[in-house]
Engineer: 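The structure's right below; bear with me while I get my questions together.
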Amino acid sequence: MPELPEVEVTRRSFSDRIAGGEIQAVWLGKPLRWPLGCGLSSLVGQKVHAVRRRGKYLLLDLDRGLLLIHLGMSGSLVFAAELPPRGPHDHFELLTSQGHLRLHDPRRFGAVVFAESEQSAVAVKLLGRLGMEPLTEQFALAPFSRGLKLRRSAIKQVLLSGDLVVGVGNIYACEALFRAGIRPTVRAQRLSVARAARLHQSIREVLSRAVEQGGTTLRDFSSAMGESGHFQLEAAVYGRAGQPCSICGTPISQIRQGQRSTFFCQSCQRK
DNA sequence: ATTCTCACCTGCGGGC
DNA sequence: TGCCCGCAGGTGAGAA
């Protein structure tokens, strides 16, 4: 589910409300992708100071250390003064004086991990390889273009890998490549600077527009306020195999790249 | 070193 | 109606 826009929309939907809250209790359900990495009681009494985002990770700053939260493929957070009764797919709760945060994650590819600092081994393992943040000044054309030149893989795979630019998942990779008129299978290193510039711009546009729209709700994503996203209504290619391209009418193609579906227009994305 | 495949887990929709 | 298969928003680990 959650790519950068969904994670950012989630962050904004509870960051201010949880800030300053003191942790009163922590509850863990079924195992997630990784163990929490600390005792539950060591978190109790600490305050949550802020919620930041790095790539698709949420970082909850505590008095001592931070919690890294990843939503995996099917995760979502809810934050409210009172939570409804737990369901079978609720696996983590942070009860604070400001309200209760709950992770709902049917597939349990998500994770909540404690790190003593961003320099700690576990934080570096998870965050260390991450590339540029696409919605900040850090995401400049020159390093992006230079990075592409070093990669022989298909451009779609490079976008998904997250080591050049973070936050672009399967939906937004397809959408950004469509907007840039670039075929997903072309080798990254074969893109000219001009075409890299177009892609650079498309990534920024698609991601910021998706954030504006509250993210993409395909199945059940919603913000921590319970609000669904609307970007799926603007998707030009993702999930639209066989439907006419909005630009030229050519039926949208679906192929497999690295065990993932790729959607594109053969006519608008020639190379 | 980069690149590729697999694994993790559950639910859902399509075809038979 | 029910079963089986493939597929789904991510990404670290390990192999090639």
Engineer: Using atom P of each nucleotide, how far apart are B/dT5 and C/dC7 to the nearest Å?
Structural biologist: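 Roughly 15 Å separates the two P atoms.
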
Engineer: Can you tell me if the side-chain N/O atoms of A/S153 get under 4.0 Å from OP1 or OP2 in B/dT3?
Structural biologist: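 Yes.
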
Engineer: Look at all strands and tell whether A/Q157 reaches a base, only sugar-phosphate, or nothing, counting heavy atoms closer than 4.0 Å.
Structural biologist: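 It contacts nothing in the nucleic acid.
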
Engineer: How are the rings of A/Y172 and A/F231 set relative to one another: parallel (under 30°), tilted (30 to 60°) or perpendicular (over 60°)?
Structural biologist: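 Aromatic pair A/Y172/A/F231 classed tilted.
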
Engineer: Hey, is A/R52 close enough to A/E118 for a salt bridge, meaning N to O under 4.0 Å?
Structural biologist: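 A/E118 and A/R52: salt-bridged.
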
Engineer: Quiz question: going by heavy-atom distance under 3.5 Å, is there a donor-acceptor pair between the base of B/dC9 and the side chain of A/R107?
Structural biologist: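 Per atom types, the contact qualifies.
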
Engineer: Considering non-hydrogen atoms only, spot the tightest contact between A/V165 and A/P134 and give its length.
Structural biologist: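 It is CG2-CB, 3.7 Å.
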
Engineer: Both A/R33 and A/Y238 contact DNA chain C. Which one's nearest nucleotide lies toward the 5' end?
Structural biologist: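 Nearest nucleotide further toward 5': that of A/Y238.
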
Engineer: Which is more 5' along DNA chain C, the nucleotide nearest A/N170 or the one nearest A/L130? Just name the residue.
Structural biologist: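 The residue closer to the strand's 5' end, by nearest nucleotide, is A/N170.
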
Engineer: Mark this stacking check for A/F109 against B/dC8 as yes or no, applying ring centres under 5.5 Å and ring planes under 30°.
Structural biologist: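 Yes; by the centre-distance and plane-angle rule, A/F109 counts as stacking on B/dC8.
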
Engineer: From the options A/I18, A/V78, A/L83, select the one residue that forms a side chain to side chain contact (heavy atoms under 4.5 Å, CB included) with A/H100.
Structural biologist: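 For A/H100, the side chain to side chain contact (heavy atoms under 4.5 Å, CB included) test succeeds with only one of A/I18, A/V78, A/L83, which is A/L83.
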
Engineer: So what does A/R260 hit on the nucleic acid, given a heavy-atom distance under 4.0 Å: a base, only sugar-phosphate, or nothing?
Structural biologist: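 Touches a base.
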
Engineer: Is the phosphate of C/dG12, meaning OP1 or OP2, less than 4.0 Å from a side-chain N or O of A/H70?
Structural biologist: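 Looking at the OP1 and OP2 atoms of C/dG12, neither is under 4.0 Å from any side-chain N or O of A/H70.
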
Engineer: At under 4.0 Å, does any side-chain N or O of A/K125 touch on OP1 or OP2 of C/dA13?
Structural biologist: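 It does, given that an N or O in the side chain of A/K125 lies less than 4.0 Å from OP1 or OP2 of C/dA13.
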
Engineer: Using a heavy-atom cut-off of 4.0 Å across all strands, would you classify A/R256 as base, sugar-phosphate, or nothing?
Structural biologist: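 Touches sugar-phosphate only.
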
Engineer: If you look at every strand shown and take non-hydrogen atoms under 4.0 Å, does A/R108 touch a base, only sugar-phosphate, or nothing?
Structural biologist: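 Here A/R108 touches the backbone only, sparing every base.
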
Engineer: For a quick test of reading the model: is some side-chain N or O of A/Y57 closer than 4.0 Å to OP1 or OP2 of C/dG12?
Structural biologist: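 The answer is yes; a side-chain N or O of A/Y57 sits under 4.0 Å from OP1 or OP2.
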
Engineer: Determine whether A/V7 and A/L58 make a side-chain contact, defined as any pair of heavy atoms from C-beta on separated by less than 4.5 Å.
Structural biologist: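 A/V7 vs A/L58: side chains touch.
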
Engineer: Which part of the nucleic acid does A/R219 contact within heavy-atom distance under 4.0 Å: base, sugar-phosphate only, or nothing?
Structural biologist: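 If one applies the 4.0 Å heavy-atom cut-off, A/R219 turns out to touch a base.
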
Engineer: Base, sugar-phosphate, or nothing for A/S161, non-hydrogen atoms under 4.0 angstrom?
Structural biologist: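 Contact class for A/S161: none.
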
Engineer: Is there, by distance only and without an angle test, a donor paired with an acceptor across the side chain of A/R152 and the base of B/dT2 below 3.5 Å?
Structural biologist: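 Between B/dT2 and A/R152, which were checked side chain against base, a qualifying N/O pair under 3.5 Å is absent.
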
Engineer: Does the side chain of A/K56 get closer than 4.0 angstrom to OP1 or OP2 of C/dG9 through an N or O atom?
Structural biologist: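 No, outside the criterion.
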
